[in-house]
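Convention: sequence-line order gives letters A, B, ...; per-chain numbering from 1. Predicted, not measured: the structure shown is a model, and the values here were computed from it.
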Amino acid sequence: MPELPEVETIRRDLDGSVTGLKIKSLVFESDKEIKNKKDHFNDVLIGNKFKEIKRVGKLLIFELDNPYFLLIHLKMTGQLIFCSKNKFIAGGHSLEKGSLVEDVGGDLPNRYTRVIFNFINGDKLFFNDLRRFGYLKLVKKEELEEIISKYGIEPLKVDFTLENLKKVLKNRKASIKSILLNQNLISGIGNIYNDEILFKAGIEPERPANKIKTKEMGKIISSANKIIKKAIKNRGTTFSDYTDGQGRKGNFSNFLKVYGREGEKCKRCSGIIKKIKVANRGTYFCPKCQK
DNA sequence: AAGATTGTTGCTTA
DNA sequence: TTAAGCAACAATCT
């Protein structure tokens, strides 16, 4: 389940390796994962190059050397794996920690490969997606800007301030967890980092957002910044499916403090980690030290 | 074999 | 008009 740190890891892996390569051909397994017609994809991409790869929230933005942008969303099980002269360089969904792409289960393409980008120098970029929720979409600048404008404030960015968070939480009766999951309000946080952030901040996930005190908001901001920075540094979390742009697992899994630890001892107090449902999502927290 | 898994959309209800 | 809650989506695992 790639969230901000995982998508950012992939972005960094691909930006600089896949950029500048001329696209020779495209292979689509079906038309399910592309939001435009195949012909349009071929027309816009073949013979062209990606100039730069950007990211907003969990969305990857490949800027082309023409008026188009290729948007790729990995949703839950998407992977992007760059293969340079049979050496795997970049990834997306889950494997053995530190392992190479071979661990995706052998050669690429595999049974979950949905799209292949063939470059003229022989390099390849594979888009794999077990559950087929991810998508590729071509847009022009105008549509891109409209899409970007809907994303909320993002951790690590300058506008992730106490003042802005206050505005977001004000008058919201929903749980703090559901607000942090809402990409239109705050972007990039998914289920795993949500639980980790609220654990570090000492806040119970079901607390109504409008009851969060200013001091606690400060804790949310500092916790989010610290956790996300550390996660990026460790190339993301592999809980089930994520791999980096080289088909390797992320190392942040070793640093998870609550997620997936139901029934285990709290790492901060003597409590036992409990699992409940919040915002329809599996939610882990310590009832003793998260208030 | 039903239920859980999760990111996002879109529907329904208030 | 907006917010909140939840089903739906796909495929797999338990």
Cation-pi check, A/Lys24 to A/Phe119: give yes when NZ or CZ is under 6.0 Å from the six-membered ring centre and within 45° of the ring axis, no otherwise.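 Geometry flag: not set, cation outside 6.0 Å or 45°.
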Name the residue closer to the 5' end of DNA chain C, choosing between A/Lys173 and A/Lys32 according to the nucleotide with the nearest heavy atom.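 Upstream on the strand: A/Lys173.
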Salt-bridge contact A/Lys54-A/Glu63 (side-chain N to carboxylate O under 4.0 Å):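 So A/Lys54 pairs with A/Glu63 through a salt bridge.
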Do A/Arg131 side-chain and C/dA10 base share a donor-acceptor contact under 3.5 Å?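 Such a pair exists between side chain and base.
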Per the atom types in the model, does the base of B/dG7 pair as donor or acceptor with the side chain of A/Arg281 at under 3.5 Å?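 Donor-acceptor pair under 3.5 Å: yes.
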Is the phosphate of [N], meaning OP1 or OP2, less than 4.0 Å from a side-chain N or O of [X]?
| X | N | answer |
| --- | --- | --- |
| A/His73 | B/dG7 | no |
| A/Lys277 | B/dT5 | yes |
| A/Arg111 | C/dT12 | yes |
| A/Tyr112 | C/dT12 | yes |

Nearest of [options] to any side-chain atom of [X]?
| X | options | value |
| --- | --- | --- |
| A/Arg172 | C/dA4, C/dA10, C/dA11 | C/dA4 |
| A/Arg132 | C/dA11, C/dT12, B/dT5 | C/dA11 |
| A/Ile179 | B/dT8, C/dC6, C/dA4 | C/dA4 |
| A/Ala174 | C/dA7, C/dA4, C/dT12 | C/dA4 |

Starting from [atom2] on [N], measure out to [atom1] on [X] and report it in whole angstrom.
| X | N | atom1 | atom2 | value |
| --- | --- | --- | --- | --- |
| A/Asn194 | B/dG7 | CG | C1' | 13 Å |
| A/Asn280 | B/dC11 | CG | C1' | 14 Å |
| A/Leu71 | B/dG7 | CG | C1' | 16 Å |
| A/Lys150 | B/dG7 | NZ | P | 20 Å |
| A/Ile192 | B/dT5 | CD1 | C1' | 11 Å |
| A/Ile147 | B/dT9 | CD1 | P | 9 Å |
| A/Lys75 | C/dA8 | NZ | P | 16 Å |
| A/Arg114 | C/dA10 | CZ | P | 12 Å |

Between A/Tyr151 and A/Ser187, which heavy-atom pair has the shortest distance, and what is it?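 Answer, listing the atom of A/Tyr151 first, then A/Ser187: CD2-CB, 3.6 Å.
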For the base of B/dT8 and the side-chain ring of A/Phe133, does the geometry meet a stacking cutoff of under 5.5 Å between centres and under 30° between planes?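 Taking the rule of under 5.5 Å and under 30°, the ring of A/Phe133 does not stack on B/dT8.
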How is A/Asn191 classified with respect to the nucleic acid when contacts are heavy atoms under 4.0 Å: base, sugar-phosphate, or nothing?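 Counting heavy atoms under 4.0 Å across all strands, the contact made by A/Asn191 is with sugar-phosphate only.
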Which residues pass the salt bridge (charged side-chain N to carboxylate O under 4.0 Å, His left out) test with A/Glu204, not counting sequence neighbours?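 Counting only residues at least two positions away or on another chain, A/Glu204 forms no salt bridge (charged side-chain N to carboxylate O under 4.0 Å, His left out).
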Would you mind reporting whether A/Val115 and A/Val27 have side-chain heavy atoms less than 4.5 Å apart?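 A side-chain contact under 4.5 Å is absent here.
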Within the 4.5 Å heavy-atom criterion, are A/Ile10 and A/Leu80 side-chain neighbours or not?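 Yes, at least one pair of side-chain atoms sits under 4.5 Å.
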